[in-house]
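These figures come from a predicted structure and were not determined experimentally.
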Amino acid sequence: MSDATITDLYEVTMAMSYLREGMTRPATFSLFVREMPPDRGFLVAAGLESSLDFLSGFRVDAEDVDAFASALHRPPRDLAPLLGLEFTGQVRAVPEGRIVLAGEPLLEVTAPLPQAQLVETYVLNQVNHQTTIASKAARCVLAAAGHPVVDFSLRRTHGPQAGFQAARLSAMVGFAGTSNVAAATAEGLSAVGTMAHSYIEAFGTEEAAFRAFARSHPGPVTLLVDTYDTEEGVRVAARVLRDLDDAARGPGSAVRLDSGDLGALARRARALLDAAGLPDVRIIASGGLDEYAVDELVHSGAPIDVYAVGTRVGVSADAPFLDSAYKMVEYDGRPVMKLSSAKVTAPGQKQVFRCPGYADVIGLHEEQPPEEGAPLLETVMRNGRRTVERPTLDESGERFAADLAGLPPAARRIRAPLAPRATASGQLTALADQVRRRIEDDLLASSADLRGHERSATGSGRSVPR
């Protein structure tokens, strides 16, 4: 089976119906986030690159047809119209690393309707998860206020792929390294790591463990000091580090605090290290950290040099999902929209215009940008093939840094941020009003026809089905 089967079953049932009904004209679907999660002043667009990889290789093969048939309890011949289906459409998207707001399309897919429908689940999954993680990691960088942040999330992420994405995306927004060896190797990142408490426990004493570790690693070394008594651990580490020659010790050697009152322990550790003549030895803090904890430690003046964040960032614990949607906005040149309560969508192919101060405007694809407005969505795929080269992580990181520099201070706050709100252009508002009126007129006409049918049926003495 191919990745084409990584989809919800209703995508298959809809695609089959479209094919049976001959509904294969181009459709445009828009992917956006309805509302910001709690305590988010911005989002970082991510997940586009893996989505484009999926789309460029999308093809329904015979094994996929068998899988769809089995899931639907139907003979494979009933699903034969799907055999050989490929993605031949266009994608316009916000490049990875750019900051986006609620309501703004992160990408728009235009393709023959069965294709655009069948790829929904995978694309939505990738963009939803990766934008969530990138946005969480970006807040950690803000909270650290210039101190290095490293990724320790792999063991707690929701699967190895999610761990790889967390390492890649955190590097994109400014993390200094990752414990994930596979990600570090594949993406050219700095691999970082120290030792576990089990390593200390395997030796008779902390000092024996520290000296053995230093012999195995010519330097710099980081020693975990909180297995037993943290202050005593720092004293032992200082003694071992002081005995190393300059080449073996650093620069870059450190002690790591992983539990307890990290602020108070960091102050005591700094005093002990300085008293031992080791002002160059850094303090690394880890253990349940996220942007909230890092923000508190930084503002308290804790002498922590590096923050290692893991579980809470790798799963975005406080906001683990986005209220994202992938909705049809046009079919066969006809703008469409959804009118259901609290989930109204805007019709037509769109563009987002980034304006100074993040006074963004969501307009129609073909309209001219407002004064000082720059379009965010770019054509990245045409006829099912990429039209631009895959950006490097550094290039995506530069986009993020540039966007972050222009973000209003209120949106950058860690607690109670104020997210800017995009507005709709006059042309988009007019189109939405026009489509709404058309839908409402059609509903009224349909309702009138139904009432006329009911009266006719009653007058003829026939009962009306209930």
Would you indicate whether the side-chain heavy atoms of [Y] and [X] approach each other to under 4.5 Å?
X: Val60; Y: Phe87; result: no
X: Leu289; Y: Leu297; result: yes
X: Ile284; Y: Val255; result: no
X: Phe213; Y: Val240; result: no
X: Tyr292; Y: Asp318; result: yes
X: Pro347; Y: Val329; result: no
X: Val225; Y: Arg256; result: no
X: Leu101; Y: Arg421; result: no

Practice item. Show your working on side chain to side chain contact (heavy atoms under 4.5 Å, CB included) between Arg98 and Leu376 and close with a plain yes or no. Key: CA-CA 8 Å; Arg98 299 222 62 175; Leu376 291 189; 3.3 Å; yes
Any chance the side chains of [X] and [Y] put a donor and an acceptor closer than 3.5 Å?
X: Arg385; Y: Ser56; value: no
X: Ser50; Y: Gln130; value: yes
X: His129; Y: Asn125; value: no
X: Ser2; Y: Asp61; value: no

Give, for atom [atom1] of [X] and atom [atom2] of [Y], the distance between the pair rounded to the nearest 0.5 Å.
X: Gln126; Y: Leu124; atom1: CD; atom2: CG; result: 10.0 Å
X: Asp323; Y: Phe32; atom1: CG; atom2: CZ; result: 8.5 Å
X: Thr7; Y: Glu120; atom1: OG1; atom2: CD; result: 7.5 Å
X: Tyr331; Y: Thr110; atom1: OH; atom2: OG1; result: 13.0 Å
X: Leu48; Y: Met381; atom1: CG; atom2: CE; result: 9.0 Å
X: Leu244; Y: Arg239; atom1: CG; atom2: CZ; result: 12.5 Å

Indicate the atoms forming the closest heavy-atom contact of [X] with [Y], along with that distance.
X: Pro335; Y: Leu431; value: CG-CD1, 4.0 Å
X: Gly314; Y: Ser153; value: CA-CB, 3.7 Å
X: Phe175; Y: Asp151; value: CD2-N, 3.7 Å
X: Glu330; Y: Val336; value: N-CG2, 3.6 Å
X: Asp3; Y: Tyr122; value: OD2-OH, 4.3 Å
X: Ala45; Y: Val94; value: CB-CG1, 4.1 Å

Tell me whether [X] contacts the main-chain N or O of [Y] through its side chain, where contact means a donor paired with an acceptor under 3.5 Å.
X: Ser316; Y: Val313; result: no
X: Asp261; Y: Ala264; result: yes
X: Ser170; Y: Ala167; result: yes
X: Arg282; Y: Thr222; result: no
X: Arg412; Y: Leu404; result: yes
X: Asp403; Y: Ile99; result: yes
X: Thr345; Y: Lys338; result: yes
X: Thr131; Y: Asn128; result: no
X: Gln115; Y: Thr88; result: yes
X: Arg168; Y: Ala183; result: no

Check your understanding: Run the side chain to side chain contact (heavy atoms under 4.5 Å, CB included) check on Leu82 and Phe68 step by step: do they pass?
Key -> CA-CA 10 Å; Leu82 289 174; Phe68 292 147; 3.9 Å; yes
Review point. Going by an N to O cut-off under 4.0 Å, is there a salt bridge joining Asp53 and Arg390?
Key: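 Yes, this pair counts.
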Point to revise | Basic-acidic side-chain contact under 4.0 Å: Glu207, Arg211 | key: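 Counted as a salt bridge, because a side-chain N and a carboxylate O are separated by less than 4.0 Å.
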Point to revise | Name of the residue among Arg92, Lys350, Glu108 meeting side chain to side chain donor-acceptor pair (under 3.5 Å) with His365 | key: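 Going through Arg92, Lys350, Glu108 one by one, the side chain to side chain donor-acceptor pair (under 3.5 Å) with His365 is satisfied by Arg92 alone.
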Practice item. Could you go through the salt bridge (Lys or Arg N to Asp or Glu O under 4.0 Å) check for Asp290 and Arg139 one step at a time? Key: CA-CA 9 Å; Asp290 62 6; Arg139 284 165 50 81; over 6 Å; no
Check your understanding: Going through the distances and angles, do Arg415 and Glu296 end up as a salt bridge (Lys or Arg N to Asp or Glu O under 4.0 Å)?
Key -> CA-CA 11 Å; Arg415 297 186 184 277; Glu296 288 181 3; 3.1 Å; yes
Point to revise | Parallel, tilted or perpendicular, as decided by the 30° and 60° cut-offs, for the rings of Phe29 and Tyr326 | key: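 Parallel: the ring planes of Tyr326 and Phe29 meet at under 30°.
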Point to revise | Heavy atoms of other groups near His197 NE2, more than 12 under 6.0 Å | key: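 Buried by this count: over 12 neighbours within 6.0 Å.
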Practice item. Please lay out, stage by stage, how Glu367 and Gln351 fare under the test side chain to side chain contact (heavy atoms under 4.5 Å, CB included). Key: CA-CA 8 Å; Glu367 72 177 272; Gln351 180 58 271; over 6 Å; no
**Study point:** Residues Gln165, Ile133; criterion side chain to side chain contact (heavy atoms under 4.5 Å, CB included); working and verdict
**Key:** CA-CA 8 Å; Gln165 291 171 349; Ile133 300 303; over 6 Å; no
Exercise for review: Report the C-alpha separation of Thr5 and Asp64 in whole Å, then their side-chain angles, then the decisive distance to 0.1 Å, and conclude whether the side-chain hydrogen bond (donor to acceptor under 3.5 Å, both in side chains) test is met.
Suggested key: CA-CA 6 Å; Thr5 58; Asp64 301 330; 4.6 Å; no
